[in-house]
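Quick caveat: nothing in here was measured; it's all calculated off a predicted structure. All ligand and atom numbering here is 1-based and tracks the order in the structure.
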Amino acid sequence: MARKSQGGPPALKVRMVTAKVWVLKKHFEGFPQTSDFEMKQEALANLKDGELLLESVFLSVDPYMRPYSKRDMKEGDVMIGTQVARIVESKNPAFAVGAFVVANRGWRTHFISDGKDLNLLPASWPESLPKSLALGTVGMPGLTAYFGLFEVCKMKPGETVLVNAAAGAVGSVVGQLAKIGGCKVVGCAGSDSKVAYLKKIGFDEAFNYKTVTCLDETLRKASPDGYDCFFDNVGGEFASIAINHMKKYGRIAVCGAISQYNDTVPQKGPYIQFPMIFNELSMKGFIVTSWYNRREEGVKALLKWVLEGKLKYHEQVTERFENMPAAFIGMLKGENLGKAIIKV
Ligand SMILES: NC(=O)C1=CN([C@@H]2O[C@H](COP(=O)(O)OP(=O)(O)OC[C@H]3O[C@@H](n4cnc5c(N)ncnc54)[C@H](OP(=O)(O)O)[C@@H]3O)[C@@H](O)[C@H]2O)C=CC1
Ligand SMILES: CCCCCC(=O)/C=C/[C@H]1[C@H](O)CC(=O)[C@@H]1CCCCCCC(=O)O
């Protein structure tokens, strides 16, 4: 607080902010444990000209954090990740206090930015729409579905699309975009209530991959003529079986391999050459950020479909920053329906 000291110059306005952060205490071995994380405090410096102070309002837990922690992080680093944050103080004329942005500043409650790494929420974002959707259906996972389906799979009206992890953040958008695009869509998920949700949001066929007696038979029954497009979020055994159900010239978008992220011993074949050659398949891995030169187009399309009611969303919201590790582990276990979000 500013105050005048008797006779001297006015005292400086000092606002000390302490951020809570989650660090990777110990590299994950197999399935992550809450003991692999540690919560710490970070004192933030005072703002310099051009800087902003932000507070995270919603944070995202995503599957990529598991493989990327192994590839890119060392023990003691703050966990990687994105947030929707509110500007609480600004010494940058381009950013007003109270505005909301998407940032990529890891598992932190507060942080300082020079504004260069921030994406303002679109001006057309309606007040009625949860801002957390900028981390899900209208954010990175939604864009993954959009570019993966339309650009990687090159999906066309009248085709049949298969998607796994279908009740999650990416998969639930894939299925609905396939319907918007005039396709038949088959999806699978890991519980009966998720399967019921898939039917509710318009999937033509849906099944619980954990309880089917024979995946091969189930895939054949769901689409006896096979699949034109396979949007693979899971990899491993599921993908090895599904590849044999592709139609001639089928296209596979290799988006993720969540069934393999926690493996301590790498899974072995079967090998894919025979179906690839016999059916002249195309299989392409992709990272959504390679399409971010068209990010605005994707966000605009997804937002429009949400507002028209054609693209439904569900969020699994965990309250409190302190529960982030549990929410992350829960998401890897399949406890989320739709996008897993943390509300600080
Ligand atoms: N390439 C890219 O640019 C991107 C790739 N991805 C990938 O997309 C996939 C989905 O991500 P996202 O939508 O954010 O996550 P989800 O919201 O789908 O959450 C993960 C889901 O994966 C399912 N799952 C977990 N373990 C297994 C398993 N062993 N076999 C089958 N399913 C499993 C669980 O659902 P269930 O109950 O059905 O088992 C769980 O809910 C991930 O592989 C991720 O890495 C995501 C974003 C960008
Ligand atoms: C074999 C691993 C497959 C992982 C697939 C996946 O989920 C990829 C996700 C990326 C998504 O396309 C956009 C991202 O931001 C994800 C990668 C995040 C990398 C984090 C880099 C570390 C940092 O933020 O500093």
Ligand-residue contact atoms, ligand 2 with [X], heavy atoms, under 4.0 Å:
X: Tyr261; result: 3 (C), 4 (C), 5 (C)
X: Cys255; result: 5 (C)
X: Ile287; result: 8 (C), 12 (O)

Atom [atom1] of residue position [X] - does it have more than 12 heavy atoms of other residues, nucleotides or ligands inside 6.0 Å?
X: Lys26; atom1: NZ; result: yes
X: Lys343; atom1: NZ; result: no
X: Glu75; atom1: CD; result: yes
X: Lys300; atom1: NZ; result: no
X: Phe278; atom1: CZ; result: no
X: Glu322; atom1: CD; result: yes
X: Tyr292; atom1: OH; result: yes
X: Lys74; atom1: NZ; result: no

Within ligand 1, which atoms have a heavy atom of [X] less than 4.0 Å away?
X: Ala169; value: 13 (O), 14 (O), 16 (P), 17 (O), 18 (O)
X: Met331; value: 19 (O), 20 (C), 40 (C), 41 (O)
X: Ala189; value: 38 (O)
X: Gly256; value: 7 (C), 43 (O)
X: Phe286; value: 1 (N), 2 (C), 3 (O)
X: Val234; value: 30 (N), 31 (C), 32 (N)
X: Leu332; value: 25 (C), 26 (N)
X: Gly168; value: 16 (P), 17 (O), 18 (O)

For [X] and [Y], take the angle between the two ring planes, folded into 0 to 90°, and tell me which bin it lands in: parallel under 30, tilted 30 to 60, perpendicular over 60.
X: Phe207; Y: Phe238; result: parallel
X: Phe37; Y: Phe28; result: tilted
X: Trp22; Y: Phe321; result: tilted
X: Phe286; Y: Phe231; result: perpendicular

Distance from [atom] to nearest protein heavy atom, with residue and atom:
atom: atom 38 (O) of ligand 1; answer: Gly190 N, 2.8 Å
atom: atom 3 (O) of ligand 1; answer: Val288 N, 2.8 Å
atom: atom 21 (C) of ligand 2; answer: Asp72 OD2, 4.1 Å
atom: atom 11 (O) of ligand 1; answer: Pro63 CG, 3.5 Å
atom: atom 17 (C) of ligand 2; answer: Tyr68 CZ, 3.7 Å
atom: atom 12 (O) of ligand 2; answer: Val288 CG1, 3.1 Å
atom: atom 35 (O) of ligand 1; answer: Lys194 NZ, 3.3 Å
atom: atom 8 (O) of ligand 1; answer: Asn233 OD1, 3.4 Å
atom: atom 6 (N) of ligand 1; answer: Cys255 SG, 3.6 Å
atom: atom 9 (C) of ligand 2; answer: Tyr64 CB, 3.5 Å

Polar proximity ligand 1 side, [X] side, N/O cut 3.5 Å exclusive:
X: Ser259; value: no
X: Tyr261; value: yes
X: Tyr64; value: no
X: Tyr209; value: yes
X: Ile287; value: no
X: Pro141; value: no
X: Asn336; value: yes

Met140, portion touching ligand 1 at heavy-atom distance under 4.0 Å: side chain

Residue-ligand contact Lys339/ligand 1, heavy atom below 4.0 Å: no

Point-to-point distance, once rounded to the nearest 0.5 Å, from CE of Met246 to CE of Met283: 9.5 Å

Gap separating the OG atom of Ser259 from the CG atom of Asn233, nearest 0.5 angstrom: 10.5 Å

Contact partition for Ile80 relative to ligand 2, non-hydrogen atoms under 4.0 Å: side chain

Per-residue contact class, Asn104 against ligand 2 - non-hydrogen pairs under 4.0 Å: side chain

Among [options], which residue places a heavy atom closest to [atom]?
atom: atom 22 (O) of ligand 1; options: Ile258, Val152, Thr144; result: Ile258
atom: atom 46 (C) of ligand 1; options: Val254, Asp62, Val170; result: Val170
atom: atom 34 (C) of ligand 1; options: Ala257, Gly334, Gly338; result: Gly334

Between [X] and [Y], is there a side-chain N and carboxylate O pair less than 4.0 Å apart?
X: Glu308; Y: Lys304; answer: yes
X: Glu217; Y: Arg220; answer: no
X: Asp204; Y: Lys179; answer: yes
X: Arg86; Y: Glu55; answer: yes

Gly168 versus Ser172, closest heavy-atom pair with distance: O-OG, 2.6 Å

Any Tyr261 side-chain heavy atom under 4.5 Å of Tyr68 side chain: no

